[in-house]
Amino acid sequence: MLNNKHIILGITGGIAAYKSAELARLLIKKGARVTVVMTDGAKEFITPLTFSALTNQPVYDDLWTSRSADSSSIAHINLTREADAMLIAPCTANVTAKIANGLADDLLTNLALARDPANCPLAIAPAMNVQMWRNPATQRNIAQLRNDGVMVFDPASGEQACGEIGEGRMLEPADLVDALERLFVPQNLTGKKVIITAGPTFEAIDPVRGITNRSSGKMGYALAHAAACAGAEVLLISGPTALPTPFGVTRINVESAQQMLDTCLHHTADVFIAVAAVADWRVTEIATQKIKKQNDADVPTLSFTQNPDILHTIAQQSNPPYCVGFAAETENLAEYGQTKRRKKGIPLLIANNGPATFGADDNEVLLLDDAGEHALPRMSKSQLAHQLISEIAKRLSS
Ligand code: C5P
């Protein structure tokens with residue numbers, strides 16, 4: 001979503017300005033072009049040189065000097081004309097107040113005011129002392145900005161530079177990068193609740209051993225991120241993975257298939273997407289103590305019980321959510337997939353080549369529904385997730 005996007009990164013005078021260096025770097029890593037604009041206050045905390053070195057672009061900080069590349073251009077108009085979005089991070093209480101009230105007394109506030117909101121949406125990441133954040137004046141300004149169509153990435157709670165504890169900390173750079181994608185995604189799941197299962201399950205044998213599989217969880221996590229970007233309230237029910245929780249997603253960790261099912265049944269949703277690679281069997285009797293190794297010839301025998309089919313169980317509820325399943329096949333994707341879709345009783349199934357996708361960063365899938373099959377080209381799991389979410393939103397609204 002951020003690849004080839006031109007982002008104006010505004011930096012104001014807060015201690016969190018040091019985090020913006022990492023933010024600039026992460027945006028560039030995502031393929032974005034970043035132009036930094038600093039206020040005088042920001043330069044008290046971090047130097048323009050840091051950002052020009054990181055972005056390989058000049059840093060702008062003055063309303064009155066023209067741009068060296070084009071001496072006739074007016075920076076406060078032209079910079080945002082060329083940009084796809086503007087993010088102010090950190091955004092101080094002072095700059096929040098100025099933008100909310102249309103004040104423009106430096107380059108950054110002029111840019112915010114002179115922008116065409118349709119072509120260059122604005123997001124801010126407030127960062128300030130907890131009392132400044134809670135002050136009714138600040139809250140009024142934040143509400144005004146939201147009303148004006150500015151996206152506000154609410155600060156997190158925690159220990160502050162001033163020693164106080166409370167909300168006001170700027171979001172971490174990785175979360176801001178996740179959150180910024182929302183500016184480029186149609187908000188077609190606003191007001192919808194989405195549950196996604198992801199990752200492998202772990203079926204215990206005894207307190208130290210278990211059976212699991214190679215699912216990385218990448219596809220499920222990418223879908224959770226994409227659904228949150230599209231405005232949904234997302235609950236991610238995840239087996240053991242090493243992945244970070246996408247920004248704005250609530251995550252519940254589970255281990256076994258039974259725990260995953262119980263957790264799914266505890267929550268309601270408009271859409272249920274089953275991505276987890278659920279173990280088909282579990283050990284019938286989990287040993288309460290570690291099974292001890294005996295002599296060489298004496299190996300334990302395990303007996304197995306079939307696990308519940310989570311997707312089928314949810315799809316059979318009296319008023320089920322819109323259910324989406326995945327199928328990993330090695331041949332006859334369309335035929336085997338349609339048979340599986342009907343057996344599970346679900347409207348949409350996404351079929352892919354199992355061995356070619358496990359752990360990979362990209363994927364190629366076939367969408368199967370009552371209308372037939374629809375192939376999507378190979379793309380990264382993150383691009384695919386956005387595409388699948390828009391396909392699901394389309395079917396949900398029809
Ligand atoms: O039956 P199979 O494992 O091939 O089906 C795959 C689909 O069903 C996936 O969407 C998977 O998340 C879901 N599933 C489930 N519970 C199971 C087995 C699979 O939800 N026990």
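Being a predicted model, the structure only gives us computed values, none of them experimental. Both counts, for ligands and for their atoms, begin at 1 and track the order of listing.
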Would you mind checking if [Y] and [X] are paired as a salt bridge, meaning a charged N to carboxylate O distance below 4.0 Å?
X	Y	answer
Lys192	Glu233	no
Asp309	Lys344	yes
Glu22	Lys19	no

Exercise. Going by atom types alone, do Tyr60 and Thr35 pair a side-chain donor with an acceptor below 3.5 Å?
Worked result: no
Exercise. Do any heavy atoms of Ala277 fall under 4.0 Å from ligand 1?
Worked result: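 It does not, in that no heavy atom of Ala277 comes within the 4.0 Å cut-off of ligand 1.
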Exercise. Would you find more than 12 non-hydrogen atoms of other residues, nucleotides or ligands less than 6.0 Å from Asp116 atom CG?
Worked result: yes
Please write down residue, atom name and distance for the protein heavy atom closest to [atom].
atom	answer
atom 1 (O) of ligand 1	Lys344 NZ, 2.9 Å
atom 17 (C) of ligand 1	Val278 CB, 3.5 Å
atom 9 (C) of ligand 1	Phe326 O, 3.0 Å
atom 21 (N) of ligand 1	Pro308 O, 2.8 Å
atom 10 (O) of ligand 1	Ala274 O, 2.6 Å

Do [X] and ligand 1 have an N or O pair less than 3.5 Å apart?
X	result
Ala327	no
Leu311	yes
Asn307	no
Ile310	yes

I need the atoms of ligand 1 closer than 4.0 Å to a non-hydrogen atom of [X], numbered in the order shown.
X	answer
Ala276	11 (C), 12 (O)
Val275	12 (O)
Gly325	10 (O)

Heavy-atom closest contact ([X] atom, [Y] atom, distance):
X	Y	answer
Pro90	Ile88	O-CG2, 3.8 Å
Gly220	Leu236	O-CD1, 4.2 Å
Arg209	Ile291	NH1-O, 3.2 Å

Exercise. Going only through I, L, V, M, F, W and Y residues with side-chain contacts under 4.5 Å, is there a path from Leu113 to Met86?
Worked result: no
For this session: Only heavy atoms count here, so choose which of Glu329, Gln258, Gln306, Lys340 is nearest to atom 4 (O) of ligand 1.
Result: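 Result: the heavy atom closest to atom 4 (O) of ligand 1 is in Lys340.
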Exercise. Roughly how far apart are Arg115 CZ and Asn110 CG, rounded to 0.5 Å?
Worked result: 12.5 Å
Problem set entry | ligand 1-proximal atoms of Ala328, by part, heavy-atom distance under 4.0 Å |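 Contact part for Ala328 vs ligand 1: neither.
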